[in-house]
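The figures here come from the full heavy-atom set of this structure, side chains too, leaving out hydrogens, waters and symmetry mates. Sequential numbering from 1 along the given sequence is applied to the chain's residues.
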Amino acid sequence: MFIAQELRKNNIAEYLLYMWQVEDTIRAFGCSLSRIRREYIDRFDYDDEQKEEEADWFGNLIKMMNEEGCREKGHLQINKVTLQLLTELHQQLLSSPKYPFYNSAYYKVLPFIVELRNRGDNKEVGEIETCLNLLYGVMMLRLQKKEITTNTEHAVKEVSTFIGMLTDYYKKDKEEPLEF
């Protein structure tokens, strides 16, 4: 919860990736709050009050995952809405002549997006979600200490730059609405 709050303020893409990881963490513990408390939360250097807050947060997420039918796979509605907000901003930036650097970055990563979508099972996934799926997948591979090809590393570098730019615009838009 504490990490999520900080990321949401400073980097919306990292927030989403973190929340996807939290969803997977909950699944890894069988959606059991007692296990999450005992085997996960207790490992952090939190005082008792912070541990309770964290446990409440996880409890609420577990409840939402149960209610929204995403115990096994998928994303919480709160994360889908955040992704939708990013996607809408992406579309606004692309359609505006005021953001040529964003357009340039987009067209630089578009071949990677097309390739990833062609490889994936779900062709309906949007461009921003495709980019985030790449970043999340590579993050998981790194955590598992699995090899990442040079081509994938290159794609990740380009996509990270692009998503970073979108994230910066998102933050600026929240502070003072952008003009399109």
Examine V125 and V109 and state if one hydrophobic cluster contains both, with Ile, Leu, Val, Met, Phe, Trp and Tyr joined whenever side-chain heavy atoms are less than 4.5 Å apart. no

Might you work through the side-chain contact (heavy atoms from CB on, under 4.5 Å) test for M140 and Q21, ending with a clear yes or no? CA-CA 9 Å; M140 291 295 105; Q21 186 178 18; 4.2 Å; yes

Residues that E6 engages under side-chain hydrogen bond (donor to acceptor under 3.5 Å, both in side chains), provided they are two or more places apart: N10

Tell me if a side-chain donor or acceptor on Q91 pairs with a main-chain N or O of E88 at a distance below 3.5 Å. no

Partners passing side-chain hydrogen bond (donor to acceptor under 3.5 Å, both in side chains) against E23 (at least two apart in sequence or in another chain): H75, N79

Output, in order, the C-alpha distance, side-chain angles, deciding distance and verdict of side-chain contact (heavy atoms from CB on, under 4.5 Å) for T82 and I78. CA-CA 6 Å; T82 302; I78 55 172; 5.6 Å; no

Whether F112 and H154 hold their rings parallel, tilted or perpendicular, with breakpoints at 30° and 60°: perpendicular

By side-chain hydrogen bond (donor to acceptor under 3.5 Å, both in side chains), which residues pair with E68, not counting sequence neighbours? none

What distance separates I36 CD1 from T25 OG1, expressed to the nearest 0.5 Å? 8.0 Å

One should read off an interatomic distance between N133 CG and I128 CD1, to the nearest 0.5 angstrom, of 11.5 Å

Using a 6.0 Å cut-off, check whether atom CD of Q144 has over 12 heavy atoms from anything other than its own residue. yes

Pairwise distance CG(N118) to CD1(I113) - rounded to 0.5 angstrom: 12.0 Å

For residues 52-60, which side-chain donor-acceptor pairs fall under 3.5 Å, sequence neighbours excluded?
from: E52; atom 1: OE2; to: R37; atom 2: NH1; distance (Å): 2.8
from: E54; atom 1: OE1; to: M1; atom 2: N; distance (Å): 3.0
from: E54; atom 1: OE2; to: M1; atom 2: N; distance (Å): 3.0
from: N60; atom 1: ND2; to: D56; atom 2: O; distance (Å): 3.3

Honestly curious: do V138 and L143 fall in one hydrophobic cluster under the side-chain, below-4.5 Å linking rule? yes

With a 4.5 Å cut-off on side-chain heavy atoms, are L110 and E127 touching? yes

Please work out which of the three classes, parallel, tilted or perpendicular, describes the rings of Y46 and F44, given edges at 30° and 60°. parallel

Contact summary for Y136 and W20, nearest pair of heavy atoms: OH-O, 3.5 Å

Work out which heavy atom in P97 is nearest to a heavy atom in P100; give both atom names and the distance. O-CD, 3.8 Å

In terms of side-chain geometry, is the basic nitrogen of K157 or E153 positioned less than 4.0 Å from the acidic oxygen of its partner? no

Tell me, please, which residues at least two apart from T152 pass side-chain hydrogen bond (donor to acceptor under 3.5 Å, both in side chains). T149

Donor-acceptor list for residues 164-173 side chains, cut-off 3.5 Å, not counting sequence neighbours:
from: T167; atom 1: OG1; to: I163; atom 2: O; distance (Å): 2.9
from: D173; atom 1: OD1; to: L178; atom 2: N; distance (Å): 2.8

Interatomic distance, L135 atom CG to T130 atom OG1 [nearest 0.5 angstrom]: 11.0 Å

Evaluation steps, side-chain contact (heavy atoms from CB on, under 4.5 Å), between V22 and I3: CA-CA 11 Å; V22 167; I3 295 168; over 6 Å; no

Are F180 and L89 close enough that some pair of their side-chain heavy atoms sits under 4.5 Å apart? yes

CD/E175: more than 12 non-hydrogen atoms of other groups inside 6.0 Å: yes

Reported NE2-to-CD distance for the pair H90 and E129, which is rounded to 0.5 angstrom: 12.5 Å

Grab the two heavy atoms, one from L132 and one from A13, that are nearest each other, plus how far apart they are. CD2-CB, 4.1 Å

Residue from Q77, K80, R27 passing side-chain contact (heavy atoms from CB on, under 4.5 Å) with C70: R27

What are the two closest heavy atoms between V159 and C131, and how far apart are they? CG1-CB, 3.5 Å

For a quick test of reading the model, state the closest non-hydrogen atom pair linking Y15 to A4 and the distance between them. CD1-O, 3.4 Å

Just wondering, are more than 12 heavy atoms of other shown residues or ligands nearer than 6.0 Å to NZ in K51? yes

Under 3.5 Å: donor-acceptor pair, side chain of S160, backbone of V156: yes

Counting neighbours of CG on D47 that are heavy atoms of other residues, nucleotides or ligands and sit closer than 6.0 Å, is the number greater than 12? yes

A side-chain contact here means heavy atoms from C-beta on lying under 4.5 Å apart; do L86 and I12 qualify? yes

Say you draw a straight line from CG of L93 to CZ of F101; how long is it, rounded to the nearest 0.5 Å? 14.0 Å

